[in-house]
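I have placed the structure first, in the form of structure tokens, so that the comments after it can refer back to it.
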Amino acid sequence: MKLDYKRLTGQDYKAGCPAADGEMVVDTGAALEDGDDQVDPWNVSSSSAKGVDYNKLIVRFGSSKIDQELVDRIARVTGKTPHRFLRRGIFFSHRDMHQILDAYEKQKSFYLYTGRGPSSEAMHVGHLIPFIFTKWLQDVFDVPLVIQMTDDEKYLWKDLSLDDLADPKLLTTSPAFYRNVVKVQKHVTFNQVKGIFGFTDSDCIGKVSFPAVQAAPSFSSSFPQIFGERTDVQCLIPCAIDQDPYFRMTRDVAPRIGYPKPALLHSTFFPALQGAQTKMSASDANSSIFLTDSAKQIKNKINKHAFSGGKDTVEEHRKCGGNPDVDVSFMYLSFFLEDDEQLEKIRQVRHGPRSSRDPAEDR
């Protein structure tokens, strides 16, 4: 156990002297038991047709559930109807959201940070989820937003050339940003990043150093053009929960370099067309609906690839109905259809007896 402690924290175990922040030693999903969901910044998979067990993931990652009390508080503080992503549990987990609301009620500012790692010519609809929710947060709280495009991450992890990078000069043209990258790098050990992200001795050093780049936008001093010399503006990060390991590391480092910890709101994953066992991926055209797809392409993809969880034959499917818990088309509606009543009616229709129409016509 002492060896495991040193591997995860980079520190020798001392009785009565816990690690600086327990978030650094929470399981990230790198070591899994049989039947566990795999969730890390690069891989998401589940053996269940319903997808990842998010309640178990909250326990594994050590975050807090977004309960009805928090949703109601957001409504009171903003004076707005909670976004459908909150009403339906699509954003389901958080770190320090109550602290953000406390500060907002005291007229203290915060800012939003989200991002995208470009790996294809177009985004798919799953990429829209954090952006849609971030836009809503920006509107209701009226706060600044920064968006980081991590094409350098895709270069390090995927078969891309430097010519594919949109702005490789970012760090050299933003001294304040680079200073914070270096601060984070100095305060995180190699053993810690191996424990958090599962890096091996065969991984390139670019992968080992990249988490500091993703951490830097969490600190207001990275953006003097927005915040001047202020270092105390807290950051709120809406993201899918597979990105949480980056920010557990960031939250551990923040107080040691004199900055507030970023708060987080975690979303569920947008399922692939083939089912919720994995998320939609830009690297698999048949698993994804891209924003550049035509209406005809979208219809063909859904009719050909969208998992319905229905019965073995058309007759059985019409008689017994589908299963909205695993029906990908219904899952997509739960993300994008605003009307709660209409969504519930569709759920009842899909779960109950079917009409004489072909099941594909309801997609």
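Start at 1 with the first residue, then count along the sequence. Any value given below was found using the heavy atoms of this structure, including those in side chains, with hydrogens, waters and symmetry copies removed.
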Quick one: sort the [X] and [Y] rings into parallel, tilted or perpendicular, breaks at 30° and 60°.
{"X": "Trp42", "Y": "Phe199", "value": "tilted"}
{"X": "Tyr54", "Y": "Phe269", "value": "tilted"}
{"X": "Phe223", "Y": "Phe177", "value": "perpendicular"}

Let me have the donor-acceptor pairs involving side chains of residues 331-339, under 3.5 Å, with sequence neighbours excluded, atom names and distances please.
unit_1: Tyr332; atom_1: OH; unit_2: Pro271; atom_2: O; d: 2.8
unit_1: Tyr332; atom_1: OH; unit_2: Leu273; atom_2: N; d: 3.4
unit_1: Ser334; atom_1: OG; unit_2: Met331; atom_2: O; d: 2.5
unit_1: Glu338; atom_1: OE1; unit_2: Arg84; atom_2: NH1; d: 2.8
unit_1: Glu338; atom_1: OE2; unit_2: Arg87; atom_2: NH1; d: 3.4
unit_1: Glu338; atom_1: OE2; unit_2: Arg87; atom_2: NH2; d: 3.2
unit_1: Asp339; atom_1: OD1; unit_2: Glu341; atom_2: N; d: 2.9
unit_1: Asp339; atom_1: OD1; unit_2: Gln342; atom_2: N; d: 2.9

Nearest-0.5 Å distance that lies between atom [atom1] in [X] and atom [atom2] in [Y]:
{"X": "Gln348", "Y": "Leu343", "atom1": "CD", "atom2": "CG", "value": "10.5 Å"}
{"X": "Ser329", "Y": "Phe307", "atom1": "OG", "atom2": "CZ", "value": "11.0 Å"}
{"X": "Cys239", "Y": "Tyr246", "atom1": "SG", "atom2": "OH", "value": "11.5 Å"}
{"X": "Ser48", "Y": "Gln277", "atom1": "OG", "atom2": "CD", "value": "7.0 Å"}
{"X": "Asp252", "Y": "Phe247", "atom1": "CG", "atom2": "CZ", "value": "14.5 Å"}
{"X": "Glu153", "Y": "Gln148", "atom1": "CD", "atom2": "CD", "value": "9.0 Å"}

(request) Have a look at Ser218 and tell me which of Val184, Val146, Leu236, Ile237 forms a side chain to side chain contact (heavy atoms under 4.5 Å, CB included) with it. (result)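 Looking at Val184, Val146, Leu236, Ile237, the match for Ser218 under the side chain to side chain contact (heavy atoms under 4.5 Å, CB included) is Ile237.
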Side chain to side chain contact (heavy atoms under 4.5 Å, CB included) with Phe290: of His124, Gln297, Met123, only one passes, and it is His124
Donor-acceptor pair, [X] side chain versus [Y] backbone, under 3.5 Å?
{"X": "Thr278", "Y": "Val44", "result": "yes"}
{"X": "Ser46", "Y": "Gly51", "result": "yes"}
{"X": "Thr150", "Y": "Asp152", "result": "no"}
{"X": "His94", "Y": "Met97", "result": "yes"}
{"X": "Arg73", "Y": "Gln68", "result": "no"}
{"X": "Asp203", "Y": "Thr200", "result": "yes"}
{"X": "His305", "Y": "Ile302", "result": "no"}
{"X": "Gln99", "Y": "Ala263", "result": "no"}
{"X": "Tyr111", "Y": "Phe219", "result": "yes"}
{"X": "Lys65", "Y": "Phe92", "result": "no"}

State, yes or no, whether a side-chain contact exists between [X] and [Y] at a heavy-atom distance under 4.5 Å.
{"X": "Tyr259", "Y": "Cys235", "result": "no"}
{"X": "Asn43", "Y": "Asp40", "result": "yes"}
{"X": "Leu112", "Y": "Pro144", "result": "no"}
{"X": "Leu101", "Y": "Leu70", "result": "yes"}
{"X": "Pro238", "Y": "Ser267", "result": "no"}
{"X": "Leu265", "Y": "Phe133", "result": "yes"}
{"X": "Ile132", "Y": "His83", "result": "yes"}
{"X": "Asp325", "Y": "Phe330", "result": "no"}

Does [X] pair with [Y] as a salt bridge, N-O distance under 4.0 Å?
{"X": "Asp232", "Y": "Arg230", "value": "yes"}
{"X": "Arg248", "Y": "Asp244", "value": "yes"}
{"X": "Lys108", "Y": "Asp102", "value": "no"}
{"X": "Asp37", "Y": "Arg60", "value": "no"}
{"X": "Lys135", "Y": "Asp139", "value": "yes"}
{"X": "Arg251", "Y": "Asp96", "value": "yes"}

Across all chains, not counting sequence neighbours, the side-chain contact (heavy atoms from CB on, under 4.5 Å) partners of Asp142 are none
Open item on the list: Are Ile147 and Leu291 linked, directly or through intermediate hydrophobic residues, by side-chain heavy-atom contacts shorter than 4.5 Å (ILVMFWY only)?
Closed with: yes
Open item on the list: Tell me whether Glu344 at atom CD has more than 12 heavy atoms from other residues, nucleotides or ligands lying less than 6.0 Å away.
Closed with: yes
Pair Lys207-Phe197, side-chain contact (heavy atoms from CB on, under 4.5 Å): steps then yes or no: CA-CA 10 Å; Lys207 290 183 179 181; Phe197 300 102; over 6 Å; no
How far apart are the closest heavy atoms of [X] and [Y], and which atoms are they?
{"X": "Thr268", "Y": "Gly89", "result": "CG2-O, 3.9 Å"}
{"X": "Pro217", "Y": "Val213", "result": "CD-O, 3.2 Å"}
{"X": "Thr250", "Y": "Ala215", "result": "OG1-CB, 3.2 Å"}
{"X": "Pro130", "Y": "Gly126", "result": "CD-O, 3.9 Å"}
{"X": "Gly62", "Y": "Arg95", "result": "O-NH1, 3.2 Å"}
{"X": "Phe91", "Y": "Ile66", "result": "O-CD1, 3.5 Å"}

Exercise. Start with the C-alpha distance between Ser63 and Leu264, add both sets of side-chain angles, then the distance that settles side-chain contact (heavy atoms from CB on, under 4.5 Å), and finish with yes or no.
Key: CA-CA 9 Å; Ser63 58; Leu264 288 99; over 6 Å; no
**Item:** Test side-chain contact (heavy atoms from CB on, under 4.5 Å) applied to Phe141 and Lys80, step by step
**Value:** CA-CA 10 Å; Phe141 287 104; Lys80 304 291 184 180; over 6 Å; no
Query raised in the report: So which pairs with a foot in residues 46-56 pass salt bridge (charged side-chain N to carboxylate O under 4.0 Å, His left out), sequence neighbours left out?
Result: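 Every pair satisfying salt bridge (charged side-chain N to carboxylate O under 4.0 Å, His left out) with a residue in residues 46-56: there are none.
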Residues Ser93 and His266: side-chain donor-acceptor under 3.5 angstrom
yes
Checklist entry - Would Trp157 and Phe210 satisfy side-chain contact (heavy atoms from CB on, under 4.5 Å), going step by step from the backbone distance to the final call? => result CA-CA 11 Å; Trp157 267 268; Phe210 175 76; 4.1 Å; yes
Q.
Cation-pi check for Phe131 against Arg116: NZ or CZ below 6.0 Å from the six-membered ring centre and within 45 degrees of the axis, yes or no?
A. no
